[in-house]
Amino acid sequence: MATITTWFTLGLLGELLGTAVLAYGYTLVPEETRKRYLLLIAIPGIAIVAYALMALGFGSIQSGGHTVYVIRYIDWLLTTPLNVWFLALLAGASREDTVKLVVLQALTIVFGFAGAVTPSPINYALFAVGAALFGGVVYLLYRNIAAAAKSTLSDIEISLYRTLRNFVVVLWMVYPVVWLLGAAGLGLMDVETATLVIVYLDVVTKVGFGVIALLAMMDLGSVGETAEEPTAVAGD
């Protein structure tokens, strides 16, 4: 148990450092993108609270002979929809597609949690529903939202969208594998190892996603300033 607390503490430190970096980045991104940028700060910011509570021993329940960290699912329920919401805003997606995307992602987490607290074999059915819902998220990100990005964004912005989309989709696919191999599924992975893997994924997906976006938005701002200079000179 002490090992798990250590992993939670390291996760907390990672999210704290990442949030500090992203908060500083707020002053570096173009002013017109700062409102959208706040979502990137909120993602690891919420995780700070979750990891602090788990490191202190709060937010877990016993179900079916194993520990379920409820706080972890609440964290994901709040933060993963923010990830896809940011992508939809970046792409200039329609309100309808944005709502579908956010709701599907939230339901993915709800069914993952339901599976974790439900006995076998119903847990696998709930897990399958969650996986199908995540398939809907992936479909929207690669079809409707990508089409919106292609029609509204510059080549550089489209590249950023694709990088962030592929980043989260590939890494998020590891979570269900951990669920299946962990105590909620087949029980082939011990709690300590599963916790370590999830902490690593959480820090990388939350902070890494934000840092990639930050660097790209800073570059876009520099490109915009460079493009304006000849116009200003011509005006003079």
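Count residues from 1 along the sequence. Only a predicted model underlies this, so the values are computations on that prediction, with no experimental measurement involved. Both backbone and side-chain heavy atoms feed into the values below; hydrogens, waters and symmetry mates do not.
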Contacts of [X] that satisfy side-chain hydrogen bond (donor to acceptor under 3.5 Å, both in side chains) - sequence neighbours left out:
{"X": "Glu31", "answer": "none"}
{"X": "Ser151", "answer": "none"}
{"X": "Ser120", "answer": "none"}
{"X": "Asn144", "answer": "Asp97"}

Filter on salt bridge (charged side-chain N to carboxylate O under 4.0 Å, His left out), then keep only pairs touching residues 98-121, sequence neighbours left out; what's left?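 Passing the test, one end in residues 98-121: Glu96-Lys100.
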
Where at least one partner belongs to residues 101-121, residue pairs that pass salt bridge (charged side-chain N to carboxylate O under 4.0 Å, His left out), sequence neighbours excluded: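 Matches after skipping sequence neighbours: none remain.
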
State which residues pass side-chain contact (heavy atoms from CB on, under 4.5 Å) with Leu171; sequence neighbours excluded, sorted by chain then number.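 Partners of Leu171 under the side-chain contact (heavy atoms from CB on, under 4.5 Å) test: Phe167, Leu201, Val204, Thr205.
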
Classify the ring geometry between Tyr26 and Tyr37 as parallel (under 30°), tilted (30 to 60°) or perpendicular (over 60°).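 Taking Tyr37 first and then Tyr26, their aromatic rings sit tilted (interplane angle of 30° to 60°).
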
Show me the pairs that pass side-chain hydrogen bond (donor to acceptor under 3.5 Å, both in side chains) and involve residues 126-135, at least two apart or across chains.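 For residues 126-135, and leaving out neighbouring residues, there are no side-chain hydrogen bond (donor to acceptor under 3.5 Å, both in side chains) pairs at all.
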
Test: side-chain hydrogen bond (donor to acceptor under 3.5 Å, both in side chains). Region: residues 155-165. Which pairs qualify, not counting sequence neighbours?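 The answer is Ser154-Glu157.
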
Between side-chain atoms of residues 75-84 and protein atoms elsewhere (two or more places apart, or another chain), which donor-acceptor pairs fall under 3.5 Å?
unit_1: Asp75; atom_1: OD1; unit_2: Thr79; atom_2: OG1; d: 3.1
unit_1: Trp76; atom_1: NE1; unit_2: Asp202; atom_2: OD1; d: 3.1
unit_1: Thr79; atom_1: OG1; unit_2: Asp75; atom_2: O; d: 2.8
unit_1: Thr80; atom_1: OG1; unit_2: Trp76; atom_2: O; d: 2.6
unit_1: Thr80; atom_1: OG1; unit_2: Gln105; atom_2: NE2; d: 3.1

Do you know the tightest heavy-atom contact between Thr98 and Ala88?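 Reported closest heavy-atom pair: OG1-CB, 3.6 Å.
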
Compare every heavy atom of Ser60 with every heavy atom of Thr67, then report the nearest pair and how far apart it is.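 Smallest heavy-atom distance, with atoms named: CG2-CB, 3.7 Å.
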
Let me see the working for Leu17 and Leu13 under side chain to side chain contact (heavy atoms under 4.5 Å, CB included), right down to the final yes or no. CA-CA 6 Å; Leu17 179 61; Leu13 294 175; over 6 Å; no

Residues that Phe111 engages under ring-ring contact (aromatic ring centres under 6.0 Å, His included), provided they are two or more places apart: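 Applying ring-ring contact (aromatic ring centres under 6.0 Å, His included) to Phe111 gives none.
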
Can you list every pair that meets ring pair (Phe, Tyr, Trp, His ring centres under 6.0 Å) and has a residue in residues 112-147, with sequence neighbours left out?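 Those involving residues 112-147 are Tyr73-Phe113, Phe127-Trp179.
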
